[in-house]
Amino acid sequence: MSERVLMEEMTWPEVKAALEAGTNTVILQTASVEQHGPHLPLLTDTLIGGHVAQMIARKLGNTLVAPVVRPGLSVHHMKFPGSFTTTPETFRTVIEEACASLATHGFKNLIIMSSHGGNFTFVDGIGPYLQDSLTRKGYDVRVIPHVNLLRYSRIQQNFLGEKFDVPLEEAGFHADVIETACMLVIRPDLVRMGKAEPGFIGDNKPLLDKIFVEGIQSVTANGIVGDPRRATREMGEALLEHLTSVLSGELRERLG
C-alpha cells in the first residue's frame, strides 16, 4: 500500500498530476462518530470506512479517496455518551458540497459509500438528487451511490459463517465480531479486548425498525448487537479482503 490514494495526505500538485494521468474517480466514504460498546472507540466506523475505501481504490485503480465524511446520522445512538449526530439536512449539505468540490477539480466519477448503517438508506436515496444538482450546475460527472444495509452486512456475515463457522446471530451488526476483527487489523491499539462482551444475541433481522425508532439502547444495554469475543486479526484480514474484493468487482462493472 505504498501508492498514496488519500487526497488529504497529498499535495495539490500531486492531485493535479493524478488527474492529468487519468485518475478520474473518487470515493466519498461517509461514516460516524458513535458508541461501539465498551471495547471499541467512537471512531470505529470512520477508521473501518477509510480503510475499506483505500483498499477498494487500489483494487479499482485510477481512484482516489476523499476525506471521510463524519459525523453521520446516529440519532439512534445518542443515549450513549460521546456519540455525535447531525440532521439529515446538514448531512446532505456536506455531501453535496463535497461532491461539488470534487467535480470542480475535474473528477468524473463520484462513488458515495457508507461504513455506518444509519447513513445507508439516506446515501442510497440521495443519488438522483445529487446527480441532478451537479448537472444543473454544469458539472460533467456521474454520481454512483453504492450502499445497501442488508447486502453490506450479509456479505460479511455469510463469509464469517462459511470460513470461520460464526453463527449469524453471533455475528450481529454493531460492535460485533466483524467490526472488532477489522479494528484488530486497522487500529489494534484502540481495541479493549478485555472489555469485549456479548450484547444482543438472537434473530437480528427484526431489530432495525425498533433500533431506528426507539434507539439501539432499546435492544442492548451495552450497545453491542452480536458477540465480539472470538474476533481475531486473521479473521479481520480475511473479512476486509473479501468485502473489498466483492465491492470493487461490483463497482468496476458499474464504472464500465
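Throughout, residue positions are numbered sequentially from 1 according to the sequence presented. Because only heavy atoms are used, hydrogens play no part in the values below, and waters and symmetry mates are left out as well, while side chains stay in.
Checking side-chain atoms of E170 against main-chain N and O of P198 turns up no donor-acceptor pair under 3.5 Å. The backbone N or O of L102 lies less than 3.5 Å from no partner atom in the side chain of T104, so there is not a single donor-acceptor pair. Side-chain N or O atoms of S218 include one that pairs as donor or acceptor with a backbone N or O of G215 at under 3.5 Å. Put simply, the side chain of R142 gets close to the backbone of L255: a donor and an acceptor are under 3.5 Å apart. With S83 contributing its side chain and Q35 its backbone, the two residues share a donor-acceptor pair below 3.5 Å. Not a single donor-acceptor pair under 3.5 Å links the side chain of H174 to the backbone N or O of H36. Counting only distance, with no hydrogens or angles, the side chain of T85 and the backbone of V75 share a donor-acceptor pair below 3.5 Å. When atom types are taken as modelled, the side chain of R192 and the backbone of L190 share a donor-acceptor pair closer than 3.5 angstrom. Listed for the R70 side chain is no donor-acceptor partner under 3.5 Å among the backbone atoms of T46. Between the N119 side chain and the A31 main chain, a donor and an acceptor come within less than 3.5 Å of each other.
In this structure, I178 is not a member of the same hydrophobic cluster as L207, with clusters built from ILVMFWY side-chain heavy atoms closer than 4.5 Å. Under the 4.5 Å side-chain heavy-atom criterion for Ile, Leu, Val, Met, Phe, Trp and Tyr, V52 and V69 are members of the same hydrophobic cluster. Each of L42 and L40 belongs to its own hydrophobic cluster when Ile, Leu, Val, Met, Phe, Trp and Tyr are linked at side-chain heavy-atom distances under 4.5 angstrom. Put simply, V26 and V68 are part of two different groups of oily side chains (I, L, V, M, F, W, Y) that touch within less than 4.5 Å, one to the next. Cluster annotation: I224 and M193 are assigned to distinct hydrophobic clusters (Ile/Leu/Val/Met/Phe/Trp/Tyr, side-chain heavy-atom contacts under 4.5 Å, transitive).
When every heavy atom of L184 is checked against every heavy atom of A231, the shortest pair comes out as CD1-O, 3.7 Å. The heavy-atom pair separating I216 from G223 by the smallest distance is CD1-O, 4.1 Å. Smallest separation of non-hydrogen atoms from N222 and G199: OD1-CA, 3.6 Å. Among all heavy-atom pairs drawn from A66 and M7, the shortest one is CA-SD, 4.1 Å. Across R230 and P167, no two heavy atoms sit closer than the pair NH2-CD, 4.2 Å. Heavy-atom minimum distance, E169 versus G202: CG-O, 3.1 Å.
In this structure, L64 and I27 have side chains that are not in contact, with every pair of non-hydrogen atoms separated by 4.5 Å or more. Residues L134 and C99 form a side-chain contact, since some pair of their non-hydrogen atoms from C-beta on lies under 4.5 Å apart. Residues V33 and S74 are not in side-chain contact: their nearest non-hydrogen atoms beyond the backbone lie 4.5 Å or more apart. A 4.5 Å side-chain heavy-atom check between T86 and P71 finds at least one atom pair inside the cut-off. Side-chain contact between M113 and I56 is present, with heavy atoms from C-beta onward closer than 4.5 Å. The closest side-chain heavy-atom distance from V15 to P13 is not below 4.5 Å. No side-chain heavy atom of L28 sits under 4.5 Å from any side-chain heavy atom of L110. Proximity of F122 to R92: side-chain heavy atoms (C-beta onward) are separated by under 4.5 Å at one or more points.
Shown here is D203, whose CG atom has more than 12 heavy atoms of other residues, nucleotides or ligands within 6.0 Å. With a 6.0 Å radius and a threshold of 12 heavy atoms from other residues, nucleotides or ligands, E234 has its CD atom at or below the threshold.
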Start with the C-alpha gap between T63 and T23, add the side-chain angles, then the distance that decides, and say whether side chain to side chain contact (heavy atoms under 4.5 Å, CB included) holds. CA-CA 6 Å; T63 301; T23 298; 5.5 Å; no
Just do the side-chain hydrogen bond (donor to acceptor under 3.5 Å, both in side chains) check on H116 and E34 with the steps written out, would you? CA-CA 10 Å; H116 165 54; E34 65 184 27; 3.3 Å; yes
Side chain to side chain contact (heavy atoms under 4.5 Å, CB included) between T30 and I95: does it pass, once the steps are laid out? CA-CA 8 Å; T30 69; I95 294 173; 4.1 Å; yes
Go through the steps to decide whether H77 and F84 satisfy the test side chain to side chain contact (heavy atoms under 4.5 Å, CB included), and finish with yes or no. CA-CA 8 Å; H77 289 281; F84 288 77; over 6 Å; no
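The OG1 atom of T220 lies 8.5 Å from the CD1 atom of I211; values are rounded to the nearest 0.5 Å. Here the CG atom belonging to L43 is positioned 7.0 Å from the CE atom belonging to M183, to the nearest 0.5 angstrom. Note that CG of L251 is 4.5 Å distant from NE2 of H146, once rounded to the nearest 0.5 Å. Rounding to the nearest 0.5 angstrom, the gap separating the CG atom in N109 from the CZ atom in F107 is 10.5 Å. Rounded to the nearest 0.5 angstrom, Q29 CD and S115 OG are separated by 4.5 Å. Here M10 contributes atom CE and R4 contributes atom CZ; the two are 8.5 Å apart, rounded to the nearest 0.5 Å.
With no hydrogens or angles considered, a side-chain donor-acceptor pair links T87 and T90 at under 3.5 Å.
Under 4.0 Å is where a charged nitrogen must lie from a carboxylate oxygen, and between R254 and E250 no such pair does. Using a 4.0 Å cut-off between charged side-chain N and carboxylate O, E241 and K59 make a salt bridge. A salt bridge links E96 and K137; the closest N-O separation between the charged side-chain nitrogens and carboxylate oxygens is under 4.0 Å.
Between F159 and F164, the two ring planes are perpendicular [angle over 60°; tilted spans 30° to 60°]. Ring geometry for H76 against F212 counts as perpendicular: the plane angle is over 60°, on a 0 to 90° scale with 30° as the lower cut.
Partner of L239 under the side chain to side chain contact (heavy atoms under 4.5 Å, CB included) criterion, chosen from L160, I155, V177: L160.
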